[in-house]
There are 2 protein chains.
Amino acid sequence: MPDRVEPLPNRMVERLVAYRRHLRQCLGEGRTQIYSHELARLERVTPAQVRRDLMTIGYTGSPATGYGVEGLIEHLAGLLDTRSIGGFALVGAGHLGRAILDYLARQHPEYQVAAFDINPEKTGRITHGYRCYMIDELERVLAECPMRVGVIAVPAEAAQDTAIRLIAAGVSGLLNFAPVRLHVPDSVFVEDADIALLLEKVAFFARAGRSEEKV
Amino acid sequence: MPDRVEPLPNRMVERLVAYRRHLRQCLGEGRTQIYSHELARLERVTPAQVRRDLMTIGYTGSPATGYGVEGLIEHLAGLLDTRSIGGFALVGAGHLGRAILDYLARQHPEYQVAAFDINPEKTGRITHGYRCYMIDELERVLAECPMRVGVIAVPAEAAQDTAIRLIAAGVSGLLNFAPVRLHVPDSVFVEDADIALLLEKVAFFARAGRSEEKV
DNA sequence: TTAGCAGTGTGATTGTGTTCACAGCACGCC
DNA sequence: GGCGTGCTGTGAACACAATCACACTGCTAA
């Protein structure tokens with residue numbers, strides 16, 4: 001019973017998602033129990049961190065057998081529940097957009113996804129099992145079938161406008177791949193995945209050859 | 001004169017890269033001076049943070065006119081210098097790989113880039129001005145032309161092996177798009193860009209409609 | 001049955017990154 | 001020329017997240 005906990009820290013949510021991914025794999029391999037240090041090694045965090053996380057979300061294990069794989073997955077499902085999201089609205093069906101559809105199709109076939117593009121050649125077709133609409137239809141499609149998450153995979157110049165349109169159409173979370181900072185209402189969650197920026201960052205740390213792999 | 005400062009914090013490097021991007025744009029618009037609060041608004045951080053960052057890297061402005069755009073760009077170039085990197089070795093020329101080449105060609109035409117793929121159909125051709133080699137040639141190409149940064153855009157199953165090969169070939173920084181955690185020596189910097197994970201994270205925060213846009 | 005052991009649960013601590021608050025300064029204006 | 005204004009530079013305070021350290025628990029085996 002997920003007791004609707006108070007705001008989970010940003011980083012912790014990432015770890016929980018990662019835990020779940022590995023737990024599912026363990027389940028597939030027939031494992032029923034797992035220890036904190038095993039989960040920790042897989043995710044490059046400390047066992048103490050894992051225990052703290054699981055404590056925070058209120059899942060408890062046993063010293064003798066560790067944590068129950070299946071029970072933990074269900075507990076996480078209660079927290080990370082994504083059924084209420086409606087689905088993902090992806091704008092921009094270029095290379096990046098199609099790569100994202102790849103991920104969605106492969107890892108989350110259960111989600112509803114609609115793709116949009118400005119280029120008529122790309123629209124109307126089915127990509128990875130998802131329908132690609134003309135961008136003009138964005139408002140209509142989202143009115144018929146509400147989606148809480150928007151993914152911005154358009155050129156930098158179009159990113160801000162796209163964000164506004166998505167928000168107006170009811171989206172409350174954005175994953176932004178464009179190399180610009182979006183200006184949106186505080187009520188909207190924005191995660192930036194700025195590839196060009198990451199490339200430069202890695203380049204910086206690669207020079208020194210330092211060991212800084214956080215997270 | 002970059003005084004080879006001690007390890008810069010991970011997050012701060014991201015901000016510095018972002019600052020530089022905006023400064024270049026300002027320069028293009030003919031601005032010569034900029035205030036901390038202007039830079040801050042563009043990047044969604046506080047003015048105090050900007051001043052602190054610039055202080056840390058040892059760049060100093062004037063109360064009357066703010067910071068000199070051109071001087072700051074040059075100062076940042078000294079810190080973020082990427083000439084010594086050799087270039088980027090991109091493994092995986094699928095949709096994602098080509099999207100990354102897009103970014104590189106558009107934002108960093110000055111970098112040297114080599115792409116690799118296992119599929120003979122994709123190799124030998126020129127994409128976005130970059131040569132795409134057969135994966136077997138990785139060691140040979142990097143021996144001839146050392147590159148410090150590796151970008152992993154291959155399926156999850158192949159990611160770990162790819163990482164090992166890149167490191168053996170002299171790479172000391174990795175940008176990993178595969179949805180797995182890599183196990184690498186401590187001397188190698190790894191940045192994970194786990195798109196599937198980010199999608200789930202945004203989905204989580206979109207549900208609550210919370211305002212959590214960190215960074 | 002009891003000692004040993006391996007792992008969990010958690011208060012306390014440390015460490016790190018961000019924000020506050022204010023002294024100091026340079027220009028513009030009266 | 002002196003005064004006000006608005007910005008920078010920075011020590012201090014704060015907030016948060018990760019880590020440590022250890023009491024507690026349940027199994028195992030002699």
Measure the distance from [atom1] on [X] to [atom2] on [N] and round it to the nearest whole Å.
X	N	atom1	atom2	answer
A:Tyr35	D:dC27	OH	P	11 Å
B:Asp53	C:dT16	CG	P	17 Å
B:Gln33	C:dA26	CD	P	15 Å
A:Arg41	C:dG7	CZ	C1'	17 Å
B:Glu14	C:dT18	CD	P	10 Å
B:Leu72	D:dT8	CG	C1'	14 Å
A:Leu8	D:dC16	CG	P	14 Å
A:Tyr59	C:dT8	OH	P	12 Å

Open item on the list: Whether the side chain of A:Arg51 and the base of C:dG9 hold a donor-acceptor pair under 3.5 Å is what I'd like checked.
Closed with: yes

Task: D:dT19 base / A:Arg52 side chain donor-acceptor hit below 3.5 Å - done: yes

Open item on the list: Do A:Tyr67 and A:Tyr59 have side chains that approach each other closer than 4.5 Å (heavy atoms only, starting at C-beta)?
Closed with: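 Contact flag for A:Tyr67/A:Tyr59 side chains = yes.
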
TODO: Among the candidates C:dC20, D:dC7, D:dG9, find the nucleotide nearest to the side-chain atoms of B:Tyr67.
DONE: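 My answer, after comparing the listed nucleotides, is D:dG9.
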
TODO: Go through D:dT8, D:dC27, C:dG7 for me and flag the one nearest to the A:His37 side chain.
DONE: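 The closest nucleotide is C:dG7.
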
TODO: May I ask you to say what B:Thr65 touches in the nucleic acid, namely base, sugar-phosphate or nothing, with a heavy-atom cut-off under 4.0 Å?
DONE: nothing

Given [N], is OP1 or OP2 found less than 4.0 Å from the side-chain N or O atoms of [X]?
X	N	answer
B:Gln49	C:dT19	yes
B:Ser62	D:dT8	no
B:Arg11	C:dT16	no

From [X] [atom1] over to [Y] [atom2], what is the distance, rounded to the nearest 0.5 angstrom?
X	Y	atom1	atom2	value
A:Gln160	A:Arg165	CD	CZ	13.5 Å
A:Leu39	A:Leu54	CG	CG	7.0 Å
B:Leu27	B:His22	CG	NE2	14.5 Å

Open item on the list: Here's a test of your reading of the structure: between B:Met55 and A:Thr46, which maps to the more 5' nucleotide of DNA chain D?
Closed with: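 This one resolves to B:Met55.
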
- [ ] State plainly whether the residues A:Glu38 and A:Arg31 are in salt-bridge range, i.e. N to O under 4.0 Å.
- [x]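 Salt bridge between A:Glu38 and A:Arg31, a charged N being under 4.0 Å from a carboxylate O: yes.
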
